[in-house]
Amino acid sequence: MRSEATRGWLVISAPLLYALLLLIGPIIVILANSFWTQDYLTIDRTFTLDNYRAALGEPIYRDLLFRSLKVSAIVSVVTVILAYPVAYFISFHGGRAKGLWIFIITVPFWTGYLLRILSWKVILGYKGVLNSALLGLGVISEPLETLLYSLNAVIITLAHSWAAFAILPIYVSLEKLDRTLLEAAADLGQGPIRQFLRVTLPLTLPGVIAALLIVMIPTVGDYVTPKLVGGKDGVMIANAIQVQFGKASNWPLGAALAVTTMIIVSMSAALMVLALQLFRRLMK
Amino acid sequence: MINISNVGRRYGTFVALEDIDLQIKAGEFFSLLGPSGCGKTTLLRLIGGFDVPSSGSISIDGAPMSGVPANHRPTNMVFQSYAIFPHLNVAENVAFGLNILNLTKAEKQARVDEALSRVRLVGLGSRMGSQLSGGQRQRVALARALVMKPKVLLLDEPLSALDKKLREEMQVELRQLQQDIGITFVLVTHDQYEALAMSDRIAVMFDGKIAQIAKPQEIYQNPTSRRVADFLGGMNFLETANMRLLGENVVADVAGFGTIANKRRGDEMIDPAKATLGIRPERLRIQWEDEKAKNEISGKVLSRHYFGEVTNLVVQVEGQPRPLSVVETNDFGADGIPVGSLVRIAYDEDAFVLMKE
């Protein structure tokens with residue numbers, strides 16, 4: 001047993017070391033920077049908490065962080081709500097075409113991330129596909145201006161970008177579900193809706209939680225999407241961090257903002273997992 | 001109680017069930033017995049509403065079941081895999097279906113307690129579904145179905161996952177339970193001893209068709225076909241010549257045995273050209289005494305197989321092309337008979353079995 005464990009560690013030691021170095025190295029650099037001060041072109045390496053005071057105290061950063069959390073929460077919930085039926089359909093009604101369906105879902109990833117975001121610009125723009133279609137149908141009399149360069153555009157684009165990452169874990173958990181359990185529930189008088197709420201959903205909740213986290217965590221830190229389709233209302237905390245590391249050239253403040261964001265995201269992810277566990281217990 | 005008329009089930013070109021006609025009475029313990037792939041589970045699933053017949057109809061307690069989904073049928077099922085909900089504990093599993101019955105909390109609790117004590121699981125209510133042993137899972141599945149007070153309990157090979165000892169205990173227990181509560185049980189099994197031990201009546205199925213329906217003794221003693229006889233225990237099929245009808249009897253010349261007359265049962269039609277004569281291995285006895293028995297043949301022991309309480313001797317009898325199997329209790333030393341020795345075998349005249357086909 002012991003030697004088997006040792007062998008296991010040996011086998012993974014090289015990639016583990018590599019992964020840890022690449023993961024911990026940058027975090028140490030960021031953490032260190034967050035306690036220093038930018039002094040024009042040089043960095044003053046005396047310990048200070050001023051950056052954190054700014055990151056947590058300045059209303060602009062607080063608002064941006066709050067907005068980022070809100071956007072990522074909405075995006076992850078929307079994505080999962082849209083992804084669940086897709087995964088459910090593939091798993092329950094995919095038949096022999098299951099593999100094909102999964103393949104089709106990954107097709108958008110063959111193009112670049114930027115291209116996918118830009119394609120939403122084409123769809124949501126002032127003279128874009130959606131506005132033209134609505135105008136043509138006579139639903140609206142003049143193009144909607146709120147589609148592009150708004151928070152909604154960010155949410156729509158992100159939800160689309162991350163859809164596959166939500167579908168896959170939910171699909172896997174649905175595939176693992178023993179279908180006899182649904183027959184047993186039917187046998188015990190439960191209709192389709194009750195079967196879903198009392199058996200399917202609780203038993204696929206791990207997949208749902210995974211999907212929520214997979215979508216939520218990276219979207220908080222996304223800065224490309226808000227920059228391209230968000231306009232001034234769509235700016236998120238990552239854009240502010242990017243500015244500090246770029247144009248504003250204030251690495252310590254950028255680092256403090258990054259660390260703050262990281263901690264708050266971790267805490268909200270943990271909270272979400274706890275909340276879902278509680279929900280699962282209540283659902284019995 | 002359950003009326004199955006002319007039911008067939010096809011999957012594409014594969015015929016799983018054909019022309020099934022079956023009436024199961026209220027309060028009966030009925031078994032569907034057959035080898036795997038004979039359609040017995042398909043038939044059970046049709047009764048439970050998990051599958052729909054391609055033709056024919058099923059009614060339960062007078063109500064036609066066509067278009068009635070499983071959740072609206074007066075049946076409950078014990079699944080082969082037991083299908084215990086892993087995210088719920090034992091009590092929650094048992095109470096799972098009670099939400100549809102409009103019971104008060106106290107009534108629900110009383111029902112769950114009663115069901116748990118019926119299957120002797122008192123005190124295990126808070127154990128999680130994923131932490132149970134095979135026997136416990138089986139009991140939970142049973143309690144979960146019985147708590148619904150169904151008109152019919154369907155059991156899909158409920159004992160096949162248990163070890164032999166526990167299986168035999170549960171056979172007695174299941175039969176007792178069925179007698180106590182008096183509801184109709186429909187059991188699917190491939191184990192003939194299980195079917196014989198528990199059932200009021202048995203339907204033997206082959207290739208999607210019912211071969212014979214009868215009480216356990218009847219089906220064992222008077223199987224209508226070679227296939228049924230062969231599936232239910234051992235049978236020595238005998239080489240016969242000149243089989244003919246003679247008044248009330250069917251008479252045949254059996255090589256080694258002489259002329260055997262077998263009484264026809266009822267007004268059964270027997271076609272002597274198709275019929276087969278046989279004798280069960282346990283109806284052949286080693287003749288130990290020196291004096292000759294009334295009916296006696298002799299043969300040479302080809303091999304010997306020891307089973308603890310009995311020994312199976314394979315004996316070549318003069319005139320019979322195939323060796324006969326003789327099952328003898330070990331009380332008199334059948335397990336000591338040397339291979340190659342000559343033995344004398346006695347039998348009763350009424351021990352022969354006449355199979356129509």
Side-chain angles (χ1 to χ4, degrees), chain A residues 80 84 87-88 91-98 169-213 272-284, chain B residues 41 44-45 47-51 68-103 111-112 115 126 128-130 137 140-150 152-157 161:
Chain A
V80 165
Y84 202 106
Y88 187 91
S91 180
F92 278 78
H93 306 289
R96 274 187 226 154
K98 274 181 190 174
I170 296 172
Y171 170 75
V172 170
S173 65
L174 280 165
E175 280 292 285
K176 278 199 297 188
L177 179 71
D178 178 2
R179 304 297 145 102
T180 322
L181 295 177
L182 297 177
E183 287 190 343
D187 187 61
L188 294 166
Q190 313 299 305
I193 294 170
R194 283 206 180 111
Q195 286 170 36
F196 177 77
L197 290 176
R198 299 186 67 196
V199 180
T200 313
L201 192 55
L203 287 173
T204 53
L205 212 53
V208 171
I209 292 173
L212 282 172
L213 292 180
M272 194 173 70
V273 172
L274 282 176
L276 281 170
Q277 298 283 12
L278 195 73
F279 168 70
R280 187 178 178 172
R281 211 159 288 166
L282 287 177
M283 211 145 58
K284 277 186 193 170
Chain B
T41 297
L44 193 77
R45 291 175 61 81
I47 299 172
F50 302 107
D51 198 355
V68 179
N71 49 320
H72 289 136
R73 294 201 180 192
T75 58
N76 281 106
M77 177 114 135
V78 175
F79 291 84
Q80 187 172 11
S81 63
Y82 305 142
I84 304 299
F85 301 114
H87 58 302
L88 304 178
N89 68 27
V90 168
E92 288 162 341
N93 261 285
V94 174
F96 193 85
L98 292 178
N99 62 334
I100 59 162
L101 293 181
N102 285 325
L103 301 175
R111 277 233 201 168
V112 171
S126 57
M128 284 307 283
S130 47
R137 294 167 73 78
V140 174
L142 198 58
R144 190 177 67 179
L146 288 176
V147 83
M148 304 300 290
K149 306 211 160 132
V152 179
L153 184 70
L154 308 171
L155 303 114
D156 185 7
E157 308 239 5

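Note that the structure is predicted; figures quoted are calculated from it, not measured. Note that these values count all heavy atoms, side chains included, but never hydrogens, waters or copies made by symmetry. All chains are named by letter (A, B, ...) in the order of the sequence lines, taking the proteins before the strands, and each is independently numbered beginning at 1.
- Counted within 6.0 Å of CD1 on Ile193(A), heavy atoms from surrounding residues, nucleotides or ligands total 12 or fewer; the atom is thus considered open.
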Side chain to side chain contact (heavy atoms under 4.5 Å, CB included) between Phe85(B) and Arg198(A), intermediate numbers included
CA-CA 10 Å; Phe85(B) 301 114; Arg198(A) 299 186 67 196; over 6 Å; no

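- Annotation: the span from Phe96(B) atom CZ to Arg194(A) atom CZ amounts to 9.5 Å, rounded to 0.5 Å.
- Considering all non-hydrogen atoms of both residues, Thr180(A) and Ser81(B) come closest at CG2-OG, 3.8 Å.
- Between chain B and the options Val199(A), Leu203(A), Leu188(A), the largest number of non-hydrogen pairs under 4.5 Å is found for Leu188(A).
- By the 6.0 Å contact criterion, NZ on Lys176(A) is open, its count of non-hydrogen atoms from other residues, nucleotides or ligands being 12 or less.
- For Met77(B), the parts lying near chain A are the backbone and the side chain together; criterion is any non-hydrogen pair under 4.5 Å.
- By the ring pair (Phe, Tyr, Trp, His ring centres under 6.0 Å) test, Tyr82(B) pairs with no residue at all, sequence neighbours left out.
- Of the possible donor and acceptor atoms, none in the side chain of His72(B) sits under 3.5 Å from a partner among the backbone N and O of Gly191(A).
- Residue Ile84(B) touches chain A through its backbone alone, counting heavy-atom pairs closer than 4.5 Å.
- The shortest heavy-atom contact between Ala184(A) and Arg144(B) is CB-NH2, 3.6 Å.
- Leu181(A) is not listed as a side-chain neighbour of Phe79(B), based on a closest heavy-atom distance of 4.5 Å or more.
- Between Arg45(B) and Glu183(A), the closest side-chain pair of non-hydrogen atoms falls below 4.5 Å.
- In this structure, a donor-acceptor pair under 3.5 Å is absent between the side chains of Asn71(B) and Gln195(A).
- In this structure Ala87(A) satisfies the side chain to side chain contact (heavy atoms under 4.5 Å, CB included) test together with Ile167(A), Ile170(A), Tyr171(A), Leu174(A), sequence neighbours excluded.
- Summarising the geometry of Gly189(A) relative to Ile100(B), their closest heavy-atom pair is O-CG2, 3.5 Å, with the distance given to 0.1 Å.
- Of the possible donor and acceptor atoms, none in the side chain of Arg73(B) sits under 3.5 Å from a partner among the backbone N and O of Asp187(A).
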